[in-house]
Number of protein chains: 2
Amino acid sequence: MIIARPYTEALERLKSMGLRPTRQRMALARILFEAGDRHITAEQLHTESQAANVRVSLATIYNTLHQFTEVGLLNEVVVEPGRSYFDTNVSNHHHFYNEETGELVDIRAESIRLDALPESPEGTDVRRVDVIIRVRSAG
Amino acid sequence: MIIARPYTEALERLKSMGLRPTRQRMALARILFEAGDRHITAEQLHTESQAANVRVSLATIYNTLHQFTEVGLLNEVVVEPGRSYFDTNVSNHHHFYNEETGELVDIRAESIRLDALPESPEGTDVRRVDVIIRVRSAG
DNA sequence: ATAGCTGCAAATGCTTTGCAAGGCC
DNA sequence: GGCCTTGCAAAGCATTTGCAGCTAT
């Protein structure tokens, strides 16, 4: 049943993470994951779900984005004070950030050679290394 | 006149950047720059200036931090949604960020070898490269 | 049945703004 | 004097929370 595959995929994705496949989560999962890698804000996701005739409150959007992030379905990217981006690409990678347009572009991890990382401070473990290349329109 | 030197330094720092040396800016400049490299939030600076018996409104703290950043006296560091850190070290360097304590620690630029940076997207110039090593208490 | 979700609206937290009063050149 | 600064209070945004009602298992 070809037509049912996206539905099944979203369902399995949620169940495998121990999240109940509610109507809202299913709809958001499909918007987020069916279109390949993307970077999205809560507000954008809210707008998209309304455009898709899915009624989901902003509060639920936030809850869902954070739950997805906690279980590893999303990555939160912090590039600007006062606005969070969520990245559907959870593999190890980095970002270009256009400060004028707000656009994020993925950089494959292998495209940057990170050498000679210093030791983390006493009593701490490295959780993640984020490289953000901030760009602007060429002048 | 040894005693006057910190005052003179702050004065020159502001004047050379084309900022009027007002009472508030002078006081904040001294708090920020006399203690060596530091990472501070608007709220922290507000608290410190009150502790130093300097009356400065929060609005002015924000204005001043942004003005200082614009003229290159400070660097803004974005590590967490909803909170901005300002770094008195404006040289090229990177950061450890402890997600539990909120503490930032400088990493000298030479401590990280960044190779093979990819080309920035069509029509854009690189403005800055930020490396943030996110750490947590060792488990 | 019941533990977990959702939605709404109110609350929060940080930051910005409008505007009158004050201060530097 | 004139223009830049400041302070206050109010407004603005993105995000979070409390709680009553709903829903998946």
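Per chain, numbering begins at 1; letters A, B, ... match sequence-line order.
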Is the closest side-chain donor-acceptor distance between A:Asp106 and A:His39 under 3.5 Å? yes

Starting at CE of A:Met17 and ending at C1' of C:dG4, how long is that distance when rounded to a whole Å? 19 Å

Comparing A:Gly18 with B:Tyr85, nearest DNA chain C nucleotide closer to 5' gives the residue A:Gly18

B:Gln24 has its side chain closest, among C:dC24, C:dG7, D:dT6, to D:dT6

Closer than 4.0 Å, any side-chain N/O of A:Thr60 to the OP1 or OP2 of C:dT6? no

Rounded to the nearest angstrom, tell me the gap between atom CG in A:Leu11 and atom C1' in D:dT25. 13 Å

By the 4.0 Å heavy-atom rule, please label A:His46 as base, sugar-phosphate, or nothing. nothing

Would you say B:Arg20 places a side-chain N or O within less than 4.0 Å of OP1 or OP2 belonging to D:dC4? no

Return no unless some side-chain N or O of B:Thr22 is found under 4.0 Å from OP1 or OP2 of D:dT5. no

By the 4.0 Å heavy-atom rule, please label A:Pro81 as base, sugar-phosphate, or nothing. nothing

Over how many whole Å does the gap from B:Glu70 atom CD to D:dC4 atom P extend? 15 Å

Taking D:dT25, C:dT17, C:dT15 as options, the one with an atom nearest any side-chain atom of B:Asn63 is C:dT17

Look only at the side chain of B:His66 and the backbone of B:Tyr62, and say whether a donor-acceptor pair between them is shorter than 3.5 Å. yes

Distance check needed: C:dT15 P versus B:Ile40 CD1, whole Å only. 13 Å

Would you tell me whether B:Thr60 and B:Gln24 have side-chain atoms, one donor and one acceptor, within less than 3.5 Å of each other? no

Could you tell me how far apart A:Arg55 (CZ) and C:dG7 (P) are, to the nearest whole angstrom? 8 Å

Considering just the side-chain nitrogens and oxygens of B:Arg83, establish if one lies under 4.0 Å of OP1 or OP2 belonging to D:dA14. no

Whole-Å gap separating P (D:dT6) and CE (B:Met26): 12 Å

Answer yes or no: does a side-chain N or O of A:His66 lie under 4.0 Å from OP1 or OP2 of D:dT16? yes

Would you say A:Arg25 places a side-chain N or O within less than 4.0 Å of OP1 or OP2 belonging to C:dC5? yes

For B:Leu58 and D:dT6, what is the distance between atoms CG and P respectively, to the nearest whole Å? 14 Å

So what does A:Ser84 touch, heavy atoms closer than 4.0 Å: a base, only the sugar-phosphate, or nothing? sugar-phosphate

Would you say B:Tyr62 places a side-chain N or O within less than 4.0 Å of OP1 or OP2 belonging to C:dT15? yes

Nearest-nucleotide pick for B:Ala59, side chain only, options being C:dT17, C:dT15, C:dC25: C:dT17

Using heavy atoms to find the nearest nucleotide of DNA chain C for B:Glu43 and A:Gln67 separately, return the residue whose nucleotide is more 5′. A:Gln67

If you measure only the distance, is there a donor-acceptor pair under 3.5 Å linking the side chains of B:Asn75 and B:His93? no

B:Glu119 atom CD: more than 12 heavy-atom contacts under 6.0 Å: no

If you count heavy atoms of other groups shown closer than 6.0 angstrom to CZ of A:Arg55, is the number above 12? no

Contacts of A:Gly82 and A:Leu19 projected onto DNA chain D by closest heavy atom; the upstream (5') one is A:Gly82

What integer distance in Å separates A:Ile61:CD1 from C:dC8:P? 12 Å

